[in-house]
Protein chains: 2
Amino acid sequence: MDNRSVTALRRVDLARATGCNLETIRYYETVGIMPDPPRTAKGYRSYDDAHVRRLKFVMRSRDLGFSLEEIRGLLGLVDDRSQTCAQVQTVAEAHLHDVQAKIADLTRIERVLSETVARCTGDAAPECAVIDALLEA
Amino acid sequence: MDNRSVTALRRVDLARATGCNLETIRYYETVGIMPDPPRTAKGYRSYDDAHVRRLKFVMRSRDLGFSLEEIRGLLGLVDDRSQTCAQVQTVAEAHLHDVQAKIADLTRIERVLSETVARCTGDAAPECAVIDALLEA
DNA sequence: TCTACGGTCTGTAGTTGATACAGGCTCAAG
DNA sequence: CTTGAGCCTGTATCAACTACAGACCGTAGA
């Protein structure tokens with residue numbers, strides 16, 4: 001157990017430390033969300049705490065529904081700390097509006113769907129309120 | 001203007017009648033959502049009112065957020081009217097629960113996001129509440 | 001009749017965000 | 001020395017479309 005083992009992480013260690021899927025890490029590297037990590041003599045990827053922090057940032061952003069494109073933007077703003085809070089705010093607000101629009105859409109769907117399902121008799125009969133609703137012009 | 005023109009529709013006509021994208025119609029045929037239509041002597045697709053009705057059904061279902069897989073199921077129930085209202089109700093209720101779960105997720109995201117954005121100063125400074133929230137463990 | 005334009009045909013590639021697998025290599029513990 | 005876990009690459013798959021490329025057709029106007 002040498003002192004390298006404190007920070008030198010394998011792919012599976014990074015996955016476990018972040019909760020990210022193993023294959024997804026490689027995917028993030030190919031699409032530039034994560035940097036290409038240094039390699040061992042045998043070509044194995046070698047990660048450290050900075051990778052863990054970055055990937056956690058990505059996971060949290062994804063959790064909040066940011067697209068990879070948006071996350072790329074946020075990472076750029078983090079990497080270049082000369083950028084402004086106002087810029088980040090703009091990205092986050094745009095995303096907030098997206099989320100609110102999605103909620104509105106789903107709420108409309110939920111209303112129509114629950115109203116329609118409520119009209120179902122649940123009978124072993126071929127007449128059905130859901131089908132009728134979908135069939136009507 | 002012969003009597004065929006009343007019902008014989010080209011691909012673009014079906015698209016316009018339903019609001020469906022031109023290419024999507026062909027896609028729905030390849031995946032079996034729509035039937036392979038009859039062809040003219042020169043191989044052009046020829047649609048009629050039944051196609052319009054079916055595609056409208058598909059569009060409305062999709063509008064309500066049903067997946068193509070679910071729509072395939074609903075179409076099967078419509079095609080075979082010996083199926084029961086109870087079966088349709090089951091599909092629709094399962095989908096309703098999906099929708100409600102998505103709304104719950106997005107509402108959580110919306111809350112976190114709006115709280116965080118509200119803490120932004122909007123300054124031309126590198127300190128930012130959004131970034132801090134994403135960076136913190 | 002010519003020409004332009006809009007439509008149609010097929011097959012295939014690209015999109016987003018991963019996930020999975022094949023086939024082979026390496027490493028560490030027992 | 002074997003076994004099992006992990007690593008490597010490249011490629012295929014998923015949903016649900018969308019968008020070409022390259023060739024053909026059909027009709028309205030000059």
Side-chain angles (χ1 to χ4, degrees), chain A residues 1-2 4-5 8-34 36-47 51 55 57-75 95 98-99 102 105 109, chain B residues 1-2 4-5 8-34 36-47 51 55 57-75 95 98-99 102 105 109:
Chain A
M1 213 187 275
D2 61 7
R4 268 186 308 137
S5 70
L9 305 169
R10 297 167 304 167
R11 200 146 66 101
V12 76
D13 299 323
L14 180 58
R16 281 172 193 152
T18 57
C20 185
N21 179 292
L22 204 59
E23 300 278 22
T24 304
I25 294 170
R26 193 160 64 99
Y27 171 70
Y28 284 163
E29 286 164 10
T30 67
V31 300
I33 288 282
M34 291 293 288
D36 282 347
R39 302 291 183 119
T40 67
K42 288 290 178 189
Y44 283 27
R45 288 168 179 80
S46 183
Y47 301 100
H51 294 102
L55 187 49
F57 180 99
V58 172
M59 302 293 282
R60 269 192 294 272
S61 303
R62 214 192 45 169
D63 236 42
L64 289 180
F66 284 97
S67 69
L68 286 197
E69 198 49 49
E70 289 169 321
I71 294 174
R72 230 186 297 271
L74 290 173
L75 284 168
H95 179 54
D98 278 3
V99 169
K102 272 184 198 154
D105 277 0
I109 290 170
Chain B
M1 217 188 272
D2 62 6
R4 269 186 308 138
S5 71
L9 305 170
R10 296 168 303 167
R11 200 145 66 100
V12 75
D13 299 323
L14 180 59
R16 281 173 194 153
T18 57
C20 185
N21 179 293
L22 204 58
E23 300 279 22
T24 304
I25 294 171
R26 193 159 65 99
Y27 171 70
Y28 284 162
E29 286 163 11
T30 67
V31 299
I33 288 282
M34 290 293 289
D36 283 348
R39 303 292 183 120
T40 67
K42 287 290 177 188
Y44 282 27
R45 287 169 180 81
S46 183
Y47 301 100
H51 293 102
L55 188 49
F57 180 99
V58 172
M59 301 295 281
R60 267 192 296 272
S61 304
R62 213 191 44 168
D63 238 41
L64 288 179
F66 285 98
S67 69
L68 286 196
E69 200 48 48
E70 288 170 322
I71 294 174
R72 229 185 298 269
L74 290 173
L75 285 168
H95 180 53
D98 277 5
V99 169
K102 272 185 198 153
D105 276 1
I109 290 171

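Throughout, protein chains are lettered first and strands after them, A, B, ... in sequence-line order, and every chain is numbered starting at 1.
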Can you list, pair by pair, the side-chain donor-acceptor contacts under 3.5 Å of residues 22-34 of chain B, counting residues two or more places apart and other chains?
| unit_1 | atom_1 | unit_2 | atom_2 | d |
| --- | --- | --- | --- | --- |
| E29(B) | OE1 | R45(B) | NE | 2.8 |
| E29(B) | OE2 | Y47(B) | OH | 2.6 |
| T30(B) | OG1 | Y27(B) | O | 2.8 |

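Contact annotation for R16(B): backbone-only contact, meaning every heavy-atom pair under 4.0 Å involves sugar-phosphate atoms and none involves a base.
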Scan nucleotides 23-29 of chain D against the protein and return all N/O pairs shorter than 3.5 Å with their distances rounded to 0.1 Å.
| unit_1 | atom_1 | unit_2 | atom_2 | d |
| --- | --- | --- | --- | --- |
| dC25(D) | O4' | Y44(B) | OH | 3.2 |

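Taking each heavy atom of M59(B) and C20(B) in turn, the nearest pair found is CE-CA, 3.5 Å. The nearest pair of heavy atoms linking P37(B) to S46(B) is CB-O, 3.8 Å. Minimum heavy-atom separation, E70(A) to G65(A): OE1-O, 4.2 Å.
Taking atom CZ on R10(A) and atom C1' on dC8(D), their separation rounds to 14 Å, with Å as the unit. E69(B) places its CD atom 15 Å from the C1' atom of dT13(D), with the value rounded to the nearest Å.
H51(A) contributes atom NE2, which lies 8.0 Å from atom CG of L14(A) (distance to the nearest 0.5 angstrom). To the nearest 0.5 Å, atoms CD1 (I71(A)) and CD (E69(A)) are separated by 10.0 Å.
Residues R10(B) and D13(B) are paired through a salt bridge, judged by an N-O separation under 4.0 Å between the basic side chain and the carboxylate.
The nucleotide whose nearest atom lies closest to any side-chain atom of R11(A) is, among dA16(D), dC17(D), dC8(D), dC8(D).
Every residue was checked against the side-chain hydrogen bond (donor to acceptor under 3.5 Å, both in side chains) condition with H95(B), not counting sequence neighbours, and none meets it. With sequence neighbours left out, R16(B) forms a side-chain hydrogen bond (donor to acceptor under 3.5 Å, both in side chains) with no residue at all.
Of the residues in residues 18-34 of chain B, R26(B) come within less than 4.0 Å of DNA chain C through at least one heavy atom, sorted by number.
Along DNA chain C, read 5' to 3', the first and last nucleotides having any atom under 4.0 Å from a heavy atom of chain A are dG17(C) to dC27(C).
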- Message: The test is side chain to side chain contact (heavy atoms under 4.5 Å, CB included); show your working for L75(A) and V58(A) and say whether it passes.
- Response: CA-CA 8 Å; L75(A) 284 168; V58(A) 172; 4.1 Å; yes

